[in-house]
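Below you'll find the structure, written out as structure tokens, and then a few comments.
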Amino acid sequence: MGILLQGGYVVDPVQGTVQIADVLIEGNVISRIGHALSTTGHAVRDLRDLYVLPGLIDVHVHLREPGFTNKETIETGTHAAAAGGFSRVCSMPNTSPVTDDPEIVRYIVTEAKRHGYATVHPIAAVTKGSKGEQVTNFRALHDAGAVAFSDDGRGVQSAAMMKEALLQAKTLCVPIAVHAEDELLSGHGVMHEGDVSRALGVQGIPTEAESVMIARDLLLAKATGAHVHICHVSPETAVHAIREAKRQGIHVTAEVAPHHLLLTDQAVKTLGAHAKVNPPLRSEADRTACVQGFLDGTLDIIATDHAPHTQEEKAQTIDKASNGFVGLEISFPLLYTTFVQSGLLTLAQLVMRMSSLPAQLFNLPGGRLQEGGQADLTVIDPYTTRVVNPRLFHSKGRATPFHGKSLVGWPLITYHAGHLVHDIF
Ligand code: DOR
């Protein structure tokens with residue numbers, strides 16, 4: 001007996017089409033997509049007026065395990081992913097111990113499988129302990145399941161180390177996901193350096209702390225021919241540099257986080273540490289450049305940088321609080337409301353930037369609904385307005401600068417490998 005998802009608008013992000021169709025799930029695969037499929041012997045769900053998408057894919061999340069289970073676990077983080085419509089996520093290696101050992105990579109993959117909410121593709125550390133001193137064993141980590149390398153949370157400070165890492169990554173045909181930050185330039189900054197930081201009297205992080213490292217890594221990508229993927233781009237100068245590098249044919253891709261598209265450093269005035277993130281929320285000119293870069297494809301994909309912390313860690317003053325906030329459970333409605341409802345992007349275009357393109361850039365399966373493919377899919381309600389309520393999150397993290405925002409485009413149902421993992425329909 002299968003599950004027949006009947007009469008929804010089925011979105012194909014690769015073809016750019018939206019068509020009414022039935023989708024039949026049998027076991028863990030999509031066995032048929034077609035019109036007026038026979039209902040005999042199947043459980044039927046009527047999805048009229050709803051959108052059926054391939055499961056979303058997020059290449060930048062922090063699941064905190066092993067080590068920081070007070071902030072998040074693989075179970076709670078993947079549950080949050082399912083609730084946000086994500087079927088695959090890439091986990092960042094700033095765990096404890098750092099994900100620099102094949103055993104840890106295997107643990108993360110297996111633990112995610114055990115819970116079954118979403119597939120986790122670990123990103124392993126570029127350097128041992130992410131200390132920037134010694135490049136890890138890329139081949140062994142890749143063999144264990146790592147799909148990319150990053151010291152996210154910190155920048156790789158040495159250009160020589162980064163060059164060595166890029167050469168290793170190139171032999172494996174995988175990207176280095178760059179957290180671009182010159183630690184001496186960012187110093188003890190706690191928010192974007194600008195009028196707001198000066199008015200609040202707190203130390204700022206200048207845009208150059210990020211953009212000089214991006215410029216360096218674009219040059220190294222050119223020199224090595226390796227794939228550099230720039231994480232959470234925030235300054236206008238970086239958007240211009242990436243656009244120019246692409247024009248020159250350098251193998252660079254980039255992600256932008258929803259908060260850098262929607263918020264500026266002004267949010268720190270009202271939200272304090274709940275708007276503290278690294279890279280920080282920047283100026284209106286930076287935000288506008290990110291939006292432009294996202295719309296013209298310079299910034300290829302959306303990644304949430306889901307970064308859960310405990311309530312105590314976020315309740316501190318801005319200089320002491322941890323960087324980051326959660327994003328998995330609200331990013332699709334945030335972007336649907338901002339870009340699709342307003343007509344800036346079609347639904348298929350947004351879905352491409354949140355499923356098929358991330359899959360392509362990180363060599364992952366998925367990102368498309370097709371017969372014979374794994375049944376990872378998400379059903380979206382384009383009509384009902386709901387308010388962001390962190391008390392309803394499955395993540396252990398509760399901090400979000402979007403608390404109380406009214407949004408449409410919420411995921412109602414998620415199937416992962418044919419299993420129902422989220423259902424609020
Ligand atoms: O805000 C952030 N939080 N930025 C990072 O680079 C790391 C992340 C975290 O791990 O909490």
Side-chain angles (χ1 to χ4, degrees), residues 58-74 76-77 80 89-100 108 122-127 129-130 132 148-157 176-183 185-186 188-192 205 209-210 213-214 217 229-235 238 254-263 265 267-268 271-282 303-316 318-328 331 395-402:
D58 187 349
V59 301
H60 192 140
V61 308
H62 296 271
L63 297 180
R64 306 297 191 205
E65 237 192 305
F68 299 114
T69 52
N70 54 335
K71 295 175 192 274
E72 191 79 293
T73 64
I74 291 168
T76 57
V89 296
C90 296
S91 59
M92 281 299 178
N94 58 344
T95 49
S96 180
V98 165
T99 308
D100 60 5
I108 294 169
I123 295 179
V126 172
T127 64
S130 287
F149 296 87
S150 180
D151 276 352
D152 187 59
R154 305 187 63 178
V156 175
Q157 300 303 296
I176 299 265
V178 171
H179 173 111
E181 180 171 5
D182 182 304
E183 287 173 3
L185 283 176
S186 54
H188 297 293
V190 297
M191 66 174 293
H192 173 67
I205 302 171
E210 185 176 347
M213 281 304 213
I214 292 177
D217 290 348
H229 175 80
I230 312 288
C231 295
H232 40 48
V233 174
S234 69
E255 68 189 38
V256 62
H259 45 271
H260 290 129
L261 294 173
L262 298 178
L263 299 173
D265 55 351
V268 179
L271 299 171
H274 275 55
K276 183 180 179 186
V277 64
N278 187 26
L281 303 174
R282 297 207 185 265
T304 65
D305 195 3
H306 176 84
H309 295 286
T310 65
Q311 268 155 295
E312 296 72 41
E313 287 163 332
K314 290 303 282 185
Q316 310 275 328
I318 184 133
D319 51 327
K320 298 210 178 62
S322 301
N323 272 307
F325 33 75
V326 294
L328 279 169
S331 63
S395 170
K396 286 192 179 183
R398 292 285 185 272
T400 166
F402 298 107

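The first residue in the sequence is number 1, and the count goes up from there. Atoms within a ligand are numbered from 1 in the order they appear, just like the ligands themselves.
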shortest atom 1 (O) of ligand 1-to-protein heavy-atom contact is with Asn278 N, 2.9 Å

The protein heavy atom nearest to atom 6 (O) of ligand 1 is His179 CE1, 3.1 Å

Atom 3 (N) of ligand 1 has as its nearest protein heavy atom Asn323 O, 3.0 Å

ask   = Any nitrogen or oxygen of Val277, main chain or side chain, under 3.5 Å from a nitrogen or oxygen of ligand 1?
value = no

Next on the checklist: Is it the case that the ring center of His259 lies less than 6.0 angstrom away from the ring center of Phe325?
Outcome noted: yes

min-distance protein heavy atom vs atom 7 (C) of ligand 1 -> Gly153 CA, 3.8 Å

Practice prompt. Go through the steps for Val178 and Ile214 under the test side-chain contact (heavy atoms from CB on, under 4.5 Å), then give the verdict.
Written response: CA-CA 8 Å; Val178 171; Ile214 292 177; 5.6 Å; no

task = Please lay out, stage by stage, how Glu313 and Lys71 fare under the test side-chain contact (heavy atoms from CB on, under 4.5 Å).
result = CA-CA 9 Å; Glu313 287 163 332; Lys71 295 175 192 274; 3.1 Å; yes

Logged contact type for His309 with ligand 1, heavy-atom cut-off 4.0 Å, is side chain

Atom 8 (C) of ligand 1 has as its nearest protein heavy atom His62 NE2, 3.7 Å

All heavy atoms of Ser91 vs all of Leu63, minimum pair found to be CB-CD1, 3.9 Å

Looking at Thr76, is its backbone amide N or carbonyl O close enough to the side chain of Lys396 to form a donor-acceptor pair, meaning the two atoms are under 3.5 Å apart?
no

Ser331 meets the side-chain hydrogen bond (donor to acceptor under 3.5 Å, both in side chains) criterion, sequence neighbours left out, with none

For this session: Show your working on side-chain contact (heavy atoms from CB on, under 4.5 Å) between Thr304 and Val61 and close with a plain yes or no.
Result: CA-CA 7 Å; Thr304 65; Val61 308; 3.9 Å; yes

If we number the atoms of ligand 1 from 1 as shown, the ones under 4.0 Å from a heavy atom of Ala307 are 3 (N), 8 (C), 9 (C), 11 (O)

Ligand 1 to Asn94, heavy atom cutoff 4.0 Å, flagged ligand atoms 9 (C), 10 (O)

Short version for Arg64: what comes under 4.0 Å of ligand 1, heavy atoms counted, is side chain

